[in-house]
Amino acid sequence: MKVNVQAPNFTAKEELLLFVKKRLSKLEQFYDKIVFADVFLKVQKTSEKENKIVEVLLSVPGDDIMVKKEAKTFEAATDEASRALERQLKKRKQKEKSYL
């Protein structure tokens with residue numbers, strides 16, 4: 001699976017990019033038909049501490065899956081997003097099995 005990380009308003013550190021790619025590549029354990037993942041790292045200008053946003057667009061056969069999570073750090077938001085995607089991928093796999 002190809003993971004494409006974009007940080008439109010800032011320069012992301014290499015460690016962060018590697019963390020995001022490593023975390024999302026684990027999703028292939030749950031669903032092996034993922035084509036690619038587009039990840040957008042955004043910082044919202046607010047007084048809130050939870051201003052880091054991670055948006056993940058997973059391209060899978062059928063229709064794409066989009067998840068958006070906010071947290072204090074990009075790592076925490078990435079963890080939340082990948083857990084949400086994991087749940088959705090497991091559901092999708094169950095549906096596919098029930099059609100067979």
Side-chain angles (χ1 to χ4, degrees):
M1 167 176 68
K2 185 178 180 302
V3 179
N4 178 26
V5 183
Q6 298 176 34
N9 301 329
F10 68 100
T11 305
K13 290 185 179 166
E14 193 61 35
E15 299 95 60
L16 176 61
L17 298 177
L18 287 171
F19 175 84
V20 171
K21 289 178 181 178
K22 186 176 171 188
R23 193 74 175 86
L24 291 177
S25 65
K26 290 181 180 175
L27 292 172
E28 286 186 300
Q29 296 171 29
F30 307 103
Y31 194 77
D32 57 1
K33 297 178 184 147
I34 301 170
V35 181
F36 66 85
D38 268 335
V39 183
F40 299 93
L41 306 175
K42 299 176 181 176
V43 180
Q44 225 178 14
K45 290 185 174 39
T46 62
S47 57
E48 301 288 314
K49 292 233 182 328
E50 295 197 356
N51 66 341
K52 309 289 190 298
I53 299 172
V54 173
E55 288 181 18
V56 182
L57 175 68
L58 262 195
S59 180
V60 290
D63 50 343
D64 296 347
I65 302 172
M66 180 78 179
V67 170
K68 180 179 179 178
K69 295 291 175 186
E70 278 182 55
K72 289 180 184 176
T73 66
F74 283 118
E75 289 82 358
T78 302
D79 279 342
E80 283 182 40
S82 68
R83 279 197 292 276
L85 287 165
E86 187 181 308
R87 284 192 302 275
Q88 290 185 36
L89 291 171
K90 283 179 180 174
K91 272 187 205 166
R92 179 176 285 245
K93 200 169 190 175
Q94 284 301 104
K95 275 185 187 171
E96 282 183 6
K97 282 183 183 170
S98 65
Y99 287 128
L100 298 177

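Residue numbers run from 1 in the order of the sequence given. Below, each value reflects all heavy atoms present in this structure, side chains not excepted, and no hydrogens, waters or symmetry copies.
Smallest separation of non-hydrogen atoms from Ala77 and Val54: CB-CG2, 3.5 Å.
The side-chain heavy atoms of Phe40 and Ile53, taken from C-beta on, include no pair separated by under 4.5 Å. Inter-residue side-chain proximity for Val56 and Val20 is flagged as unmet; no heavy-atom pair is nearer than 4.5 Å. In this structure, Lys52 and Leu41 have side chains that are not in contact, with every pair of non-hydrogen atoms separated by 4.5 Å or more. Within the 4.5 Å cutoff, the side chain of Val43 has no heavy atoms near those of the Asn9 side chain. No side-chain heavy atom of Gln88 sits under 4.5 Å from any side-chain heavy atom of Leu58. The side-chain heavy atoms of Leu24 and Ile34, taken from C-beta on, include no pair separated by under 4.5 Å. Contact annotation: the side chain of Lys33 approaches that of Glu96 to within less than 4.5 Å [non-hydrogen atoms, C-beta and beyond].
Checked for salt-bridge contact, Glu86 and Lys90 meet the test: a charged N lies under 4.0 Å from a carboxylate O.
In this structure, Lys22 NZ and Ser82 OG are separated by 12.5 Å, a value rounded to the nearest 0.5 Å. Atom CG in Leu17 sits 11.0 Å away from atom CD in Gln6 (nearest 0.5 Å). Note that the CD atom of Gln29 and the CG atom of Leu89 stand 11.5 Å from one another [nearest 0.5 Å]. Within the model, atoms NZ of Lys2 and CG of Asp38 stand 7.5 Å from one another, a figure rounded to the nearest 0.5 Å.
A salt bridge (charged side-chain N to carboxylate O under 4.0 Å, His left out) check over residues 69-84, counting only residues at least two apart or in different chains, returns the pairs Arg23-Asp79.
Hydrophobic clustering, with ILVMFWY side chains joined whenever heavy atoms are under 4.5 angstrom apart, keeps Phe74 apart from Leu57.
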side-chain contact (heavy atoms from CB on, under 4.5 Å) assessment of Val5 paired with Leu16: CA-CA 10 Å; Val5 183; Leu16 176 61; over 6 Å; no
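Counting heavy atoms of neighbouring residues, nucleotides and ligands inside a 6.0 Å radius, atom NZ of Lys93 exceeds 12 of them.
Legend: residues meeting side-chain hydrogen bond (donor to acceptor under 3.5 Å, both in side chains) with Asn51, ordered by chain and number and at least two apart, are absent.
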